[in-house]
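Let me begin by presenting the structure, written as structure tokens, before commenting on it.
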Amino acid sequence: MKRLKYKYHVTARLQSKVLKLIKGNMDGTTREAMSQVQGIPLPERVVKYWARVEHFQASKEDLLIATYPKAGTTWTQEVVDTILNEGNVEKCRRAPTQVRMPFLEMTSADGLNAGITKLEVMDPPRVIKTHLPIQLVPCSFWEAGCKVIYMARNPKDTVVSYYHFDRMNLNQPEPGTWQQYLEKFMTGQLGWGSWYDHVKGYWRERQNKKILYTFFEDMKEDPVREVTHIAQFLGKQLSKSAIDRIVQMTAFSAMRENPMANYSTIPDTIFDRTASEFMRKGEVGDWKNHFNAEEDATFEEHYCKLMADCPIPIRFTI
Ligand code: A3P
């Protein structure tokens, strides 16, 4: 009896290992579950190496770009890099986004290829990406008085974009159906937690800390105005022609064709481009193609309830 039980356990373990290899990839990428830090759902690999993130030492010249996932992070990063390099194409194409501006809390399954590891070999001033809600941002950023650029995007377009991203990113948990996904978004179960708490957290602190709070919809509506605003925040005096060049270089169509800004360097074993693209549509209002009338009504009611204590001027159309 004992022998049988043992045999069963060994077989089950082997089976699960084989399944993992088939389902995932030989390099260890597999759709992994979420774990938590202070109640915020984060990928298991992020939680596993969390202590390194928590103790990261920021320097006062570092700049943090903070967003909820799919709010236009990559766009903001490209805008910032082109501003800092005054629209110099060659300099901005020196490396892919994730190398130029590392993702603070992200790490590979083996912990080696971490944002922190890249940051440790870079000299300040560094431009750092994070999706962390404000309460999880390492203290050293606030102690050093770092500038932060936050970009918010309306939640309907955000959840649509996140849904397609989770379909294609084989490191993320299975998205399930659109209806299931929407429910998870509304109840804060997706990676990096509640969109509502995220946008409110940075909004409430924007005047106490050096936070420039920007909106995807504003950038889409008037990129010249927004790029000028970001350049001012970064203390960069740029000519009108430099601003125009930056707007051109960071337009959706330009970034989509730019291998250093479109994540085409991420292998197909991680980004399944047959499911969706990273540079998907880049629009305001694509949610109208996904929400049915009933979902929209439920979402609106829930949104009004959750945002009543913090009226942020979020626009769903422009
Ligand atoms: P869609 O999926 O709606 O197309 P993040 O960088 O935070 O992951 O956000 C990705 C979203 O920003 C995607 O949205 C992507 O297409 C969009 N995006 C990236 N660069 C953009 C640009 N230059 N202009 C407009 N949208 C852009």
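It should be emphasised that the depicted structure is a prediction, and the values quoted were computed from it without experimental measurement. Read the numbers this way: they start at 1 and go in the same order the structure lists the ligands and their atoms.
For Asn85 and Asn88, the side-chain atoms include no donor-acceptor pair closer than 3.5 Å. Using modelled atom types and a 3.5 Å distance limit, the side chains of Glu105 and Trp192 yield a donor-acceptor pair.
The side-chain contact (heavy atoms from CB on, under 4.5 Å) test applied to Glu44 returns Glu32, Ala33, Ser35, not counting sequence neighbours. Not counting sequence neighbours, the partners of Leu306 by the side-chain contact (heavy atoms from CB on, under 4.5 Å) test are Tyr196, His302.
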If you look only at distance, which donor and acceptor atoms sit under 3.5 Å apart when one is on a side chain in residues 308-315 and the other is two or more places apart or in another chain?
{"residue": "Asp309", "atom": "OD1", "partner": "Lys200", "partner atom": "NZ", "Å": "3.0"}
{"residue": "Asp309", "atom": "OD2", "partner": "Arg204", "partner atom": "NH2", "Å": "3.1"}
{"residue": "Arg315", "atom": "NH1", "partner": "Glu221", "partner atom": "OE2", "Å": "3.0"}
{"residue": "Arg315", "atom": "NH2", "partner": "Asp218", "partner atom": "OD1", "Å": "2.7"}
{"residue": "Arg315", "atom": "NH2", "partner": "Glu221", "partner atom": "OE1", "Å": "3.2"}

Short N or O separations between ligand 1 and the protein, below 3.5 Å:
{"residue": "ligand 1", "atom": "2 (O)", "partner": "Ser161", "partner atom": "OG", "Å": "2.6"}
{"residue": "ligand 1", "atom": "2 (O)", "partner": "Arg280", "partner atom": "NE", "Å": "2.8"}
{"residue": "ligand 1", "atom": "3 (O)", "partner": "Arg153", "partner atom": "NH1", "Å": "3.4"}
{"residue": "ligand 1", "atom": "3 (O)", "partner": "Arg153", "partner atom": "NH2", "Å": "2.9"}
{"residue": "ligand 1", "atom": "3 (O)", "partner": "Arg280", "partner atom": "NH2", "Å": "3.1"}
{"residue": "ligand 1", "atom": "4 (O)", "partner": "Lys281", "partner atom": "N", "Å": "2.6"}
{"residue": "ligand 1", "atom": "4 (O)", "partner": "Gly282", "partner atom": "N", "Å": "2.7"}
{"residue": "ligand 1", "atom": "6 (O)", "partner": "Thr73", "partner atom": "N", "Å": "3.3"}
{"residue": "ligand 1", "atom": "6 (O)", "partner": "Thr74", "partner atom": "N", "Å": "2.9"}
{"residue": "ligand 1", "atom": "6 (O)", "partner": "Thr74", "partner atom": "OG1", "Å": "2.5"}
{"residue": "ligand 1", "atom": "7 (O)", "partner": "Lys70", "partner atom": "N", "Å": "3.2"}
{"residue": "ligand 1", "atom": "7 (O)", "partner": "Ala71", "partner atom": "N", "Å": "3.3"}
{"residue": "ligand 1", "atom": "7 (O)", "partner": "Gly72", "partner atom": "N", "Å": "3.1"}
{"residue": "ligand 1", "atom": "7 (O)", "partner": "Thr73", "partner atom": "N", "Å": "2.8"}
{"residue": "ligand 1", "atom": "7 (O)", "partner": "Thr73", "partner atom": "OG1", "Å": "2.4"}
{"residue": "ligand 1", "atom": "8 (O)", "partner": "Lys70", "partner atom": "NZ", "Å": "2.9"}
{"residue": "ligand 1", "atom": "9 (O)", "partner": "Gly72", "partner atom": "N", "Å": "3.4"}
{"residue": "ligand 1", "atom": "14 (O)", "partner": "Arg153", "partner atom": "NH1", "Å": "3.2"}
{"residue": "ligand 1", "atom": "14 (O)", "partner": "Ser161", "partner atom": "OG", "Å": "3.3"}
{"residue": "ligand 1", "atom": "16 (O)", "partner": "Arg280", "partner atom": "N", "Å": "3.4"}
{"residue": "ligand 1", "atom": "23 (N)", "partner": "Trp75", "partner atom": "NE1", "Å": "3.3"}
{"residue": "ligand 1", "atom": "23 (N)", "partner": "Thr250", "partner atom": "O", "Å": "2.9"}
{"residue": "ligand 1", "atom": "23 (N)", "partner": "Phe252", "partner atom": "N", "Å": "3.4"}

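Counted within 6.0 Å of NZ on Lys281, heavy atoms from surrounding residues, nucleotides or ligands total more than 12; the atom is thus considered enclosed.
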